[in-house]
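Report on the following structure.
For the numbers below, each heavy atom of this structure counts, side chains included, while hydrogens, waters and symmetry mates do not. So you know, we letter chains A, B, ... as the sequences are listed, proteins then strands, and number each from 1. These numbers were taken from a predicted model, which means no experiment stands behind them.
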Amino acid sequence: MSSSLKFYNTLTREKTAFQPIDADNVRMYVCGPTVYDYAHIGNARPAIVFDVLFRLLRHVYGDTHVTYARNITDVDDKINARALRDHPGLPLNDAIRLVTEKTETQYHQDIAALGCIEPTVEPRATDNIPQMVTIIERLIARGHAYVAEGEVLFDTKSMTDYGQLSKRPLDEQQAGARIAVDVHKKNPGDFVLWKLSSHNEPGWDSPWGRGRPGWHIECSAMSERYLGEVFDIHGGGLDLIFPHHENEIAQSRCAHGTHVMANVWMHNGFVQIEGRKMSKSDGNFITIHELLATETFGGRQWPGEILRLAMLMTHYREPIDFSVKRLEEAERLIAKWPAADAPDASVAPCPIVIEALGDDLNTVAAVQRLHQLAQEANADRALLPMFAASAALLGVLPKMAEVDEAVAAAIDALIGMRLEMLKAKNFAEADRIRNELSDKGIQLKDTKDAATGERVTTWEVKR
RNA sequence: GGCCUCGUGGCGGAGUGGUGACGCAGAGGACUGCAAAUCCUUGCACCCGAGUUCGAUUCUCGGCGAGGCCUCCA
């Protein structure tokens with residue numbers, strides 16, 4: 001493979017060349033949503049960022065040679081709470097299913113609007129309980145986990161190099177002293193693999209009784225099932241580094257006896273509002289749905305492609321301060337880009353765009369180049385396919401507006417009338433026609449024929 | 001307290017040991033009957049201090065400032 005990809009690896013804190021374990025099957029896992037409520041725009045960032053990465057990998061290694069797994073977390077105490085709150089009359093399992101199905105559907109609609117293509121597999125935690133039990137059994141058998149007071153806990157002291165990802169040695173953690181030190185834990189940093197459920201909590205039978213999994217174990221189980229014990233890339237938000245990913249690593253490595261879980265760990269930065277992390281628990285967040293379908297942000301709705309472009313205008317590891325001004329700039333940019341259908345695979349994207357993306361997903365440079373290509377394509381239609389292929393790689397290609405032939409003919413007729421009015425210097429009538437079309441969302445553009453100096457009018461559907 | 005990021009013009013943002021990207025907005029102009037679109041021109045910056053260097057925005061150290069993780073969290 002000639003294209004060279006480099007990614008910043010949280011594990012080493014360095015940008016290094018990417019070498020897939022198997023170029024015929026490049027494997028990536030990304031932590032997906034916990035489905036209890038609308039996803040906020042901060043949740044959209046990893047979905048978009050790793051969607052771009054997925055597209056890039058598919059371009060480099062081939063569409064059928066990349067496996068992208070993104071999970072749905074549908075077992076969680078927040079889901080239970082939401083189910084009890086919203087559907088108090090129903091049996092718990094039914095209430096939970098209502099909450100998770102509704103939220104999952106909404107999530108899929110939201111990120112589809114943001115231009116994200118579907119991952120190869122999207123496993124659910126509840127479909128992988130036996131796999132989790134198997135891993136926990138293995139951890140116990142290998143002396144990395146123990147049972148105490150109805151919980152199965154991971155024994156962090158049993159792993160000599162625990163803390164590599166977050167660079168947080170165990171002894172130093174105690175300085176924080178904010179970890180709830182339960183007496184039944186051998187060490188304060190030990191975390192739950194399995195906990196018993198009461199009657200009004202969802203539960204599954206296990207060797208340790210009817211219970212439910214801890215937070216981290218699902219990703220270990222699902223990544224193993226779909227990607228193998230060791231895979232190429234694991235992604236997620238910065239806040240997952242500790243404890244979630246650290247503990248995933250501990251579980252997977254100790255269960256499998258491997259030196260790494262994933263070779264490359266990539267983490268996206270936060271979306272901020274007024275300089276602070278957007279967070280559900282802090283209450284300062286705006287949902288994707290609100291941006292798309294309501295006027296709560298900036299007094300208007302925002303198309304998904306604008307939200308996506310605004311997101312890609314900042315490097316994925318940097319924080320983004322979400323603002324109306326930023327969205328407006330994205331809108332101005334995209335408004336100048338030509339619409340096109342995605343070309344077939346025979347049209348190569350611009351090498352500069354590929355190179356930019358290959359340099360630790362430098363979407364900023366890629367978008368800048370795209371903007372140049374757009375201007376070139378506007379001047380010379382022959383360059384349109386390359387622009388379109390490049391834009392498609394980023395997932396930000398403006399779609400051709402659907403206009404049927406009869407309408408187009410009517411527009412052309414009106415344009416013909418306007419040109420006649422102009423020749424007759426009947427400006428009032430000419431402007432009336434222009435305004436009439438404008439009101440219907442048709443923007444006229446007057447240019448001059450270079451050879452004859454004659455006025456030439458073209459039109460497009462306003463975006 | 002421990003551990004991580006980051007600090008570039010009005011805004012967004014690359015990048016580099018040595019001619020101060022680029023985009024958006026702004027200003028001026030061309031074109032136009034007037035617009036829109038397009039094109040041309042243009043002002044504005046590298047947190048502070050010390051060090052290394054012939055030379056630092058770029059390297060080192062120290063400040064200051066912002067944010068994050070250590071508790072559910074993308």
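- Here the side chain of A:Lys277 is nearest to one of B:rG68, B:rA14, B:rC24, namely B:rG68.
- A distance of about 23 Å separates the C1' atoms of B:rG20 and B:rU52, rounded to the whole Å.
- Pairing for B:rC22 is with B:rG12, a Watson-Crick or G-U wobble pair whose two hydrogen-bonding atom distances lie under 3.5 Å.
- To the nearest angstrom, P of B:rC3 lies 17 Å from CG of A:Leu165.
- Mapping A:Ala365 and A:Tyr8 onto RNA chain B via the closest heavy atom, the residue that lands nearer the 5' end is A:Tyr8.
- As a whole-Å value, the separation of A:Asn80 CG from B:rC72 P is 16 Å.
- Both the sub-6.0 Å distance and the 45° axial angle are not jointly satisfied by A:Lys102 relative to the ring of A:Tyr107.
- Here B:rG1 sits opposite B:rC70 as a Watson-Crick or G-U wobble pair (both hydrogen-bonding atom distances under 3.5 Å).
- The nearest whole Å value for the distance from the CD1 atom in A:Ile273 to the P atom in B:rA74 is 15 Å.
- Counting any heavy atom pair closer than 4.0 Å across all strands shown, A:Val271 reaches a base atom.
- Because its NZ or CZ atom is both nearer than 6.0 Å to the ring centre of A:Phe54 and within 45° of the ring axis, A:Arg58 counts as a cation-pi partner of that residue.
- Of the side-chain N and O atoms in A:Arg276, one or more sit less than 4.0 angstrom from OP1 or OP2 of B:rG68.
- In this structure, B:rC59 and B:rG51 make a Watson-Crick or G-U wobble pair, each of the two defining distances being under 3.5 angstrom.
- Contacts of A:Gly42 with the nucleic acid, taken as non-hydrogen atoms under 4.0 Å apart, include base atoms.
- A:Ile241 has its CD1 atom 11 Å from the C1' atom of B:rC3, to the nearest Å.
- Separating the P atom of B:rA27 from that of B:rA37 is a span of 14 Å, rounded to the nearest Å.
- Residue A:His244 has no polar side-chain atom (N or O) positioned under 4.0 Å from OP1 or OP2 of B:rC72.
- Comparing the C1' positions of B:rU57 and B:rU16 gives an interatomic distance of 9 Å, to the nearest angstrom.
- The pair A:Asp359-A:Lys15 meets the salt-bridge criterion, since a charged nitrogen lies less than 4.0 angstrom from a carboxylate oxygen.
- Applying the Watson-Crick and G-U wobble criteria (two distances, each under 3.5 Å), B:rC6 pairs with B:rG65.
- Spacing between B:rC24 and B:rC44 at atom C1', rounded to whole Å, works out to 14 Å.
- Only the C1' atoms considered, B:rA66 is 15 Å distant from B:rC48, to the nearest whole Å.
- As a whole-Å value, the separation of A:Leu327 CG from B:rG23 P is 21 Å.
- Using a 4.0 Å heavy-atom distance criterion, A:Leu240 is classed as a sugar-phosphate-only contact.
- A side-chain donor-acceptor contact under 3.5 Å links A:Arg225 and A:Asn128.
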Below 3.5 Å is the cut-off: list the nitrogen or oxygen pairs between protein and nucleotides 10-12 of chain B, distance only.
| from | atom 1 | to | atom 2 | distance (Å) |
| --- | --- | --- | --- | --- |
| B:rC11 | O4' | A:Lys325 | NZ | 3.3 |
| B:rG12 | O3' | A:Arg326 | NH1 | 3.2 |
| B:rG12 | N2 | A:Gln368 | NE2 | 3.0 |

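- For the residue pair A:Tyr68 / A:Asp51, no side-chain donor-acceptor distance below 3.5 Å is found, with atom types taken as modelled.
- Along RNA chain B, the nucleotide closest to A:Asp359 and the one closest to A:Arg13 are compared, and the more 5′ of them pairs with A:Arg13.
- Residue A:Gly269 is in base contact, counting any heavy-atom pair closer than 4.0 Å across all strands shown.
- Between the side chains of A:Ser166 and A:Glu246, at least one donor N or O lies within less than 3.5 Å of an accepting N or O.
- Pair check for B:rC31 finds none; no Watson-Crick or G-U wobble contact set falls under 3.5 Å.
- There is a side-chain donor-acceptor pair under 3.5 Å between A:Ser158 and A:His144.
- No contact: A:Gln372 has no heavy atom under 4.0 Å from any strand.
- Annotation: A:Tyr226 is not in aromatic contact with A:Phe231 [ring centroid separation under 6.0 Å not met].
- The CG-C1' distance, from A:Asn378 to B:rG23, rounds to 15 Å in whole Å.
- Spacing between atom CD of A:Glu14 and atom P of B:rU5 amounts to 12 Å, rounded to whole angstrom units.
- Annotation: B:rA50 and B:rC64 have their C1' atoms spaced 14 Å apart (nearest Å).
- Between B:rC40 and B:rG33, the two C1' atoms lie 23 Å apart (nearest whole Å).
- A donor-acceptor contact closer than 3.5 angstrom is absent between the side chains of A:Asp321 and A:Ser323.
- Aromatic rings of A:His245 and A:His267 (six-membered ring for Trp) have centroids within the 6.0 Å cut-off, being under it.
- What separates CD of A:Gln375 from P of B:rA37 is a distance of 13 Å, to the nearest Å.
- Using a 4.0 Å heavy-atom distance criterion, A:Gln272 is classed as a sugar-phosphate-only contact.
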Between protein and nucleic acid, restricted to nucleotides 32-36 of chain B and to nitrogen or oxygen atoms under 3.5 Å apart, what atom pairs and distances do you find?
| from | atom 1 | to | atom 2 | distance (Å) |
| --- | --- | --- | --- | --- |
| B:rU32 | OP1 | A:Lys448 | NZ | 3.3 |
| B:rG33 | O6 | A:Asp431 | OD1 | 3.3 |
| B:rG33 | N1 | A:Asp431 | OD1 | 3.0 |
| B:rG33 | N1 | A:Asp431 | OD2 | 3.3 |
| B:rG33 | N2 | A:Asp431 | OD2 | 2.8 |
| B:rC34 | O2 | A:Arg434 | NH2 | 3.2 |
| B:rC34 | N3 | A:Arg434 | NH1 | 3.0 |
| B:rC34 | N3 | A:Arg434 | NH2 | 3.2 |
| B:rC34 | N4 | A:Arg434 | NH1 | 3.0 |
| B:rA35 | N6 | A:Asp446 | OD2 | 2.6 |
| B:rA35 | N1 | A:Arg434 | NH1 | 3.3 |
| B:rA35 | N3 | A:Arg434 | NH1 | 3.1 |
| B:rA36 | O2' | A:Gln443 | NE2 | 3.2 |
| B:rA36 | N1 | A:Asp446 | N | 3.3 |
| B:rA36 | N1 | A:Asp446 | O | 3.1 |

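- Residues A:Asp74 and A:Tyr36 bring no donor and acceptor atom of their side chains to less than 3.5 Å of each other.
- When the C1' atom is compared between B:rG7 and B:rU58, the two are found 14 Å apart, to the nearest whole Å.
- Remark: the A:Glu218 side chain and the A:Thr73 side chain contain an N/O donor-acceptor pair separated by less than 3.5 Å.
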